[in-house]
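Some notes on the structure that comes next.
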Amino acid sequence: MTLSFRNLALLVMPLLFFPLSNNIYLHSDPKGFTWLIALLITFTTAVTFYTRNKTVEKKAVCKAKELTNTLKKLTDSEDKLKTLLVNLNVGIAVFSPQGELQLCNRKFIELGSPFNLDEVSPIGTLIDPSLNEDLPKDLLEKAIVHYINEEGQGMSIYEFPLFKVISTCKPLHKQIIGIKTPDNGGVRWAMGDYKPEFNETGGLSKVVVTVVDITDQKNSEIALMKSETRLNAFLKVIPDMFFLLDQNGNLIDHYLENTIIPSHMQGAFMGKNVNDLDFIDRYLSQITIQKIEKLFETGDIQTIEFCAQEHGKEIYFEVRLVLWGDNKVLAVVRDISKRKESEIKLYNMSIYDTLTNLYNRNYFEETLNKHLNKDTSGVGIVICDIDGLKLVNDTLGHTIGDDYLKMAATILHENFKKEDVVARIGGDEFAVLINHTSTTDLSSIVAKIDKSLELINTEERIIPISMSLGYAVGNGTQKDLKELLKLADNLMYREKLHHRQSEKSKNIQILAKMLEARDFITEGHGDRMQELCGKSAEGIGMSNNEIKDMHLFAQFHDIGKVGIPDRILFKPGRLTRDEMEEMKLHPEIGFRIAESSPDLAHISDWILKHHEWWDGNGYPFKLKREEIPLPSRILAIVDAFDAMTNNRPYRKAMSKEDALKEIINSKGRQFDPLLVEKFIELI
C-alpha cells in the first residue's frame, strides 16, 4: 500500500513535539537519547520511503499517459489507413493460398465484378464503405465466366492470374483482363499486380492483389488499333503513293505499296531531294519546290499534274501537297491516267462527231467565233451537202445512210490538210474552214473531190453518192466569218438545184432498179399491173394524164418493200403476227420514199393508202369507202387479182376464175363494189 502524505504527517507530528517536552530527560537519560536517534532514523526512513514511492507513482502515471497516447495515435493511424484503403481509387484484395477472398475494399469489388453491386446478391451485401471480410467463397467462381483476356477470349479459373501466382508462387505484374457486363454487353478493363507473401516457414500465406481501372485507356488502344487496321487496309487497297517531305523538299518517309514503283526501287527514294529524283525533270522539281513554299505561306492544298513515260505509254499523275504538322509536307501521288483518258474522251465527244470522227458543229462555231473582229482575208469556207441522203435512209436504211456519211467524211478528210477544220455541222451537211487559201486553191480541191466521187461510184451501188459543194474566200470586207459561211451556203444550194434538175430523171431509174431487186418485176408483175391499172382507169373515164399517173402508181406502189427485210419479204411460209405487222409498214415506207422524190411526190398519198379496205378494216388508217383515194381503190383490186393468179414464194398461182370468185366474195368488204363490177367486165 502506498504511504500517503496525510499518514506520514500523523506519524511524524508527535515526534516533532516530543523533544520539546522532554529536553532535560534527553540529556540526562542516555536511553532517551538512544530512542531519539532511533526516532530520527525512523523518520528519515519514512521520509525516504515516501519520497521514493512518490517518484515511482509519477513515473507510472507518465507511462500510462504515454501508452494511452500511443494507443490513441495507433488507433487514429489505423482509421486513417482504413479510410485510405477504402476510399482509394485502386482495388485492393487479399486472397488465401486456396484462392479464397479474405479481405478487399469496395473498389476491388467494383472493378472485378460484372454485376451491379446495388442490385445483385450476395455481392450487394458488400457495399458498405469499409474493408470487407467474411466474403462469400464462390464470388470468384461466379464472376470468372464474365472474364476475358486481351484477345477477347474467355478464361477458365485456372487461367486467371491469381491462380497462376498461387501455382507458381511468383508475382505477376500488369496483368490485363476484361470484365463483360451481362446487362449491356460492355467490357470494363482492369490491370492488376499479383504479389505473393510467405510465412516464417517459407510457405505461401497470402496473395495481395492491386487492381486499377484502365477501361478508357484500353478502349482508346482498341479504337486506335481498329483505326490503324482500317488505315492499313485502306492503304493496302489504294494505289496512291505517299511521301513525307520536309520544308526543303527532302524525302523523309514514304508508303509505296500497290503502286507502279517496284519494291526493289522503293528504298532509293529515302533521303533524296525532289531535285535528285531521276523520273522528275528539272521543271517539275522546281514547280514542286514552289508549291511547297506556297503551301507553307497559305496553308492551302497545292496540286500538280505531270506526265511520265512507261514503256512508251504516257501515264498521268496528280500530286496533292498538304501540311503535316508544323514543318512537314505530305505528298499524295495518284495515277490519273484513266481519269485523263475519260476527260480526253469527254472532250473529244464535245468537239468530234462520233459517226464520222470529224469535228462537230459546236467546235466549228467556236472556231468561227475565234475569228470574230479579225481580218478575213485569205480565210476560206467550204460547205458540202450529200444529195439524196433522205432517199438513201428511207429506201436502203439508216445503216447504209451512215455509210454514205462516212464515205463523204473520208473524201473530205483526204482532200483537205490536217490543220484545216473539217466538221459535220448537220445531218447531211459538212463545212471546212481553211486559213491562207484562195478561190483557185479551193476550186482545185473541189475538182479533186469530184474525181473521188466518180471513183467511189464505179463500184456497184444502187444509189450513187453525190455531193453539192459551195465555197467562198474572205477579202477583208466581211465583218466576221458568219457572212462568209452564209455566202458559201448559198452557193452550195445553187449547185444542189442544178443537181436536182440533172438527176431528176435518174431518180425514177434508181427507184425502179431498187424495186426490181426487191419485188417481182422479173416475173412481169410490174408490166401486168400497169396494163390492168391503165385499162381500169380508162374504163371508168379517167383522163390521159390520170392514166399516166396510174401507170406510174402501178409501177411504184410497192416501193416501200425495199425497207422490208428479206427474211420476211421472201419467206416461203405463212408470216407470223409480228412479221405481218412489220410487212404492213411498207405503205408508210413507200410514202416517205415517194415524198423524197419530186417525180413521185404527187402519188405518195396513193401509195400510203393502197391497202385500205372498203369496210374500214384495212391499214394503216382504217379508212372507209370514198375516204380512200380512187386510184388506191382501183389498184387494190388489180393487185389482188395479179397476186392470186401468179406464183408467190408462199403459194402457187390460182386460176382466173377462182381469183375472180375471191374478188367477188370480197366485194363491199375489201373492195369498192362498183369498181369490182367494172373490173369483172374488163377481165
Side-chain angles (χ1 to χ4, degrees), residues 393-400 462 511-529 532-533 553-595 603-624 628-629 631-656 658-672 676 679:
N393 286 329
D394 290 340
T395 56
L396 303 178
H398 285 274
T399 302
I400 303 299
I462 295 176
L511 292 172
K513 187 176 180 181
M514 292 169 56
L515 190 59
E516 182 181 352
R518 305 289 291 151
D519 207 350
F520 312 104
I521 294 178
T522 53
E523 299 178 6
H525 173 69
D527 294 337
R528 292 190 302 271
M529 287 292 295
L532 286 175
C533 283
F553 178 35
Q555 183 181 4
F556 292 103
H557 71 282
D558 272 342
I559 188 64
K561 288 184 178 179
V562 298
I564 302 300
D566 289 348
R567 60 180 175 81
I568 295 176
L569 193 62
F570 299 111
K571 184 177 180 179
R574 182 178 288 273
L575 298 180
T576 65
R577 184 168 185 172
D578 291 339
E579 290 170 340
M580 181 58 71
E581 291 301 317
E582 195 168 352
M583 175 64 87
K584 287 181 180 181
L585 295 176
H586 81 271
E588 299 173 53
I589 298 172
F591 171 79
R592 293 197 301 269
I593 294 172
E595 278 283 290
I603 65 169
S604 60
D605 190 56
W606 303 350
I607 294 173
L608 178 64
K609 299 170 182 177
H610 75 277
H611 275 289
E612 296 288 354
W613 284 21
W614 181 259
D615 64 357
N617 287 317
Y619 62 89
F621 302 118
K622 296 188 179 298
L623 301 178
K624 293 182 180 180
I628 307 168
S632 299
R633 283 181 272 154
I634 294 172
L635 185 130
I637 299 171
V638 174
D639 192 25
F641 178 77
D642 188 77
M644 287 186 285
T645 55
N646 288 277
N647 291 326
R648 284 291 185 265
Y650 48 88
R651 59 162 176 77
K652 295 292 184 179
M654 297 170 62
S655 66
K656 289 184 179 181
D658 290 338
L660 287 175
K661 287 180 182 178
E662 289 292 329
I663 289 174
I664 293 171
N665 290 336
S666 297
K667 181 175 66 174
R669 183 167 59 87
Q670 183 176 354
F671 307 120
D672 183 337
V676 168
F679 184 76

- Message: Which residues pass the side-chain hydrogen bond (donor to acceptor under 3.5 Å, both in side chains) test with Gln670, not counting sequence neighbours?
- Response: none
- With sequence neighbours left out, write down each residue that passes side-chain contact (heavy atoms from CB on, under 4.5 Å) with Arg567, or none if nothing qualifies. Pro565, Glu579, Glu582
- Note on the structure: Those residues at least two apart in sequence (or on a different chain) that pass side-chain contact (heavy atoms from CB on, under 4.5 Å) with Lys624 are Glu627
- Message: Check the orientation of Tyr619 and His611. Use parallel for under 30°, tilted for 30 to 60°, and perpendicular for over 60°.
- Response: parallel
- Note on the structure: Residue set satisfying salt bridge (charged side-chain N to carboxylate O under 4.0 Å, His left out) with Glu581, at least two apart, ordered chain then number -> Lys584
- Task: Tell me, please, which residues at least two apart from Asp658 pass salt bridge (charged side-chain N to carboxylate O under 4.0 Å, His left out).
- Result: none
- Is the closest side-chain heavy-atom distance between Ile564 and Ile589 below 4.5 Å? yes
- Item | pair Arg633-Trp614: side-chain heavy atoms closer than 4.5 Å | yes
- Message: In this structure, is the centre-to-centre distance between the rings of His610 and His586 below 6.0 Å?
- Response: yes
Looking only at heavy atoms, which two atoms of [X] and [Y] are closest? And how far apart?
| X | Y | value |
| --- | --- | --- |
| Ala659 | Thr645 | CB-CG2, 3.7 Å |
| Phe671 | Ile637 | CD2-CG1, 3.6 Å |
| Gly616 | Lys622 | O-CB, 3.1 Å |
| Ser604 | Phe591 | O-CD1, 3.2 Å |

- Task: Start with the C-alpha distance between Phe641 and Lys656, add both sets of side-chain angles, then the distance that settles side-chain contact (heavy atoms from CB on, under 4.5 Å), and finish with yes or no.
- Result: CA-CA 8 Å; Phe641 178 77; Lys656 289 184 179 181; 3.9 Å; yes
Measure the spacing between [atom1] of [X] and [atom2] of [Y] and express it to the nearest 0.5 Å.
| X | Y | atom1 | atom2 | answer |
| --- | --- | --- | --- | --- |
| His557 | Asp639 | NE2 | CG | 4.0 Å |
| Asp642 | Met644 | CG | CE | 10.0 Å |
| Phe553 | Asp605 | CZ | CG | 9.5 Å |
| Ile593 | Ile607 | CD1 | CD1 | 8.5 Å |
| Met529 | Leu635 | CE | CG | 4.0 Å |

- Message: Check whether Glu612 reaches the backbone of Phe621 with its side chain - one donor and one acceptor, N or O, closer than 3.5 Å.
- Response: yes
- Message: Could you walk me through whether Phe679 and Leu660 satisfy the side-chain contact (heavy atoms from CB on, under 4.5 Å) test, starting with their C-alpha distance in whole Å, then the side-chain angles of each, then the deciding distance to 0.1 Å, before giving a yes or no?
- Response: CA-CA 9 Å; Phe679 184 76; Leu660 287 175; 4.2 Å; yes
Could you tabulate the donor-acceptor pairs under 3.5 Å formed by side-chain atoms of residues 661-668, not counting sequence neighbours?
residue: Asn665; atom: ND2; partner: Lys661; partner atom: O; Å: 3.2
residue: Ser666; atom: OG; partner: Glu662; partner atom: O; Å: 3.2
residue: Ser666; atom: OG; partner: Arg669; partner atom: NH2; Å: 3.2
residue: Lys667; atom: NZ; partner: Glu677; partner atom: OE2; Å: 2.8

